[in-house]
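Along the sequence shown, the residues carry numbers beginning at 1. Atoms within a ligand are numbered from 1 in the order they appear, just like the ligands themselves.
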Amino acid sequence: MTASLLIAMHGNEPLSAKLADELHCELGQLETRQFPDGEAYLKFVSNPEARSVVIVCTLAHPNEKFLPLVLAAAAARELGASNVGLVAPYLAYMRQDRRFNPGEAVTSRQVAQLISEAFDWMVTVDPHLHRYSALGEIYSIPTRVVHAAPLVSRWIKTNVANPLIVGPDSESEQWVAAVASDADAPYCVLEKVRHGDRDVQITFKDMDRWRGRTAVLVDDIISSGRTMIEAVRLLTSSGWAPPVCIAVHGLFADNSDVLLAKAGARVVTTSSVPHATNEIDIAELLAGAIREVARDSVIN
Ligand code: R5P
């Protein structure tokens with residue numbers, strides 16, 4: 001069987017090169033550009049015929065990426081690919097997981113349906129599973145989820161003395177508990193009320209018994225950054241030293257990376273979304289999951 005062809009959508013080249021290396025498969029070439037009117041032009045320079053194609057596309061700021069991605073998958077099939085998998089280290093649209101107000105679209109379901117129609121399988125890192133317990137509730141293709149918690153714990157153990165792991169809200173407890181356990185550190189969870197996209201209020205009860213430790217805020221996503229920024233403000237205004245902020249996925253809307261740095265926080269993210277704060281590399285972790293989901297018949 002012909003070896004797999006790994007394709008990087010624009011912006012995913014560094015991670016894709018590492019994955020191709022880990023998986024011992026060819027890093028293929030897909031030429032993309034925009035026509036003057038904004039429509040996408042795609043050309044497979046590497047021939048996908050009779051090959052297993054793996055497309056890598058992290059879905060931070062997804063709207064401009066999504067159409068070229070599904071067009072690439074469809075083109076690969078039309079050119080004879082035997083199957084087409086998706087590696088989306090950050091999986092977008094997972095937070096709209098119910099109809100919060102009448103008439104709203106539950107976009108997590110709709111995006112899941114579109115991806116399931118375009119691809120044969122998918123691998124992702126820590127998707128925001130809050131009201132869903134597993135991707136299988138909304139995805140109809142085989143999926144694998146990899147968890148960054150062990151890598152985050154290892155980073156903390158190596159870089160922070162005497163840490164206290166802090167979750168900014170109850171939703172973060174699943175990551176925070178796992179990270180704290182692996183890092184041999186205590187943890188606590190703050191209370192968050194979200195009034196709007198950029199309006200959150202954070203409070204805590206009693207953190208005094210942990211004084212003297214370095215607070216390490218851990219969350220799955222930094223989007224507008226309001227959650228982390230308010231948590232940093234709360235801690236520093238209560239006499240804590242500026243904390244370390246770790247997110248699996250750093251989306252950094254609204255210049256929130258700059259605002260967090262201004263607030264004194266050290267920000268660390270995984271390489272799921274390319275950014276200067278990527279201190280935790282997920283390539284090896286992803287490669288293991290890709291091998292598993294694609295099985296020997298796909299990646300060889
Ligand atoms: C919330 O449900 C998530 O776990 C994150 O706390 C949230 O997405 C962060 O968003 P933002 O950076 O916009 O406050």
Identity and separation of the nearest protein heavy atom to atom 5 (C) of ligand 1 = Asp219 OD2, 3.3 Å
task = Please state whether Gly225 comes within less than 4.0 angstrom of ligand 1, counting heavy atoms only.
result = yes
message = Testing the 3.5 Å rule here: is there a donor-acceptor pair between the side chains of Glu173 and Tyr187?
response = yes
message = For Phe35 and Tyr41, take the angle between the two ring planes, folded into 0 to 90°, and tell me which bin it lands in: parallel under 30, tilted 30 to 60, perpendicular over 60.
response = perpendicular
ask   = Which heavy atom of the protein is the closest neighbour of atom 13 (O) of ligand 1, given with residue, atom name and distance?
value = Ser224 OG, 2.6 Å
note = heavy-atom search around atom 14 (O) of ligand 1 in the protein gives Thr227 OG1, 2.5 Å
task = Check Val200 against ligand 1 and report side chain, backbone, both or neither, counting heavy atoms closer than 4.0 Å.
result = neither
query = Closest non-hydrogen protein atom to atom 8 (O) of ligand 1, residue and atom name please, with distance?
reply = Arg95 NH1, 2.8 Å
request  = For atom 7 (C) of ligand 1, state which one of Glu171, Arg194, His128, Arg226 supplies the nearest heavy atom.
outcome  = Arg194
remark   = Note: ligand 1 atoms sitting under 4.0 Å from heavy atoms of Ile222 are 12 (O)
query = Do NZ/NE/NH1/NH2 and the carboxylate oxygens of Lys18 and Asp21 come within less than 4.0 Å?
reply = no
inquiry  = Can you tell whether the side chains of Arg194 and Glu171 come within less than 4.0 Å, N to carboxylate O?
reply    = no
inquiry  = What protein heavy atom lies closest to atom 9 (C) of ligand 1? Include the residue and the distance to one decimal.
reply    = Ile221 O, 3.4 Å
inquiry  = Is a donor from one side chain sitting under 3.5 angstrom from an acceptor on the other, for His130 and Asp97?
reply    = no
query = If you draw a 6.0 Å radius around CD in Glu104, do more than 12 non-hydrogen atoms from other residues or ligands fall strictly inside?
reply = yes
task = Look up atom OG1 in Thr269 and atom NE2 in His275, then write down how far apart they are to the nearest 0.5 Å.
result = 7.0 Å
query = So, Asn63 and Tyr93: side-chain donor and acceptor under 3.5 Å apart, yes or no?
reply = yes
query = Just distances here: any N/O of Lys192 and N/O of ligand 1 closer than 3.5 Å?
reply = yes
task = Considering the heavy atoms of Asp220, write down every atom of ligand 1 situated less than 4.0 Å from one of them.
result = 3 (C), 4 (O), 5 (C)
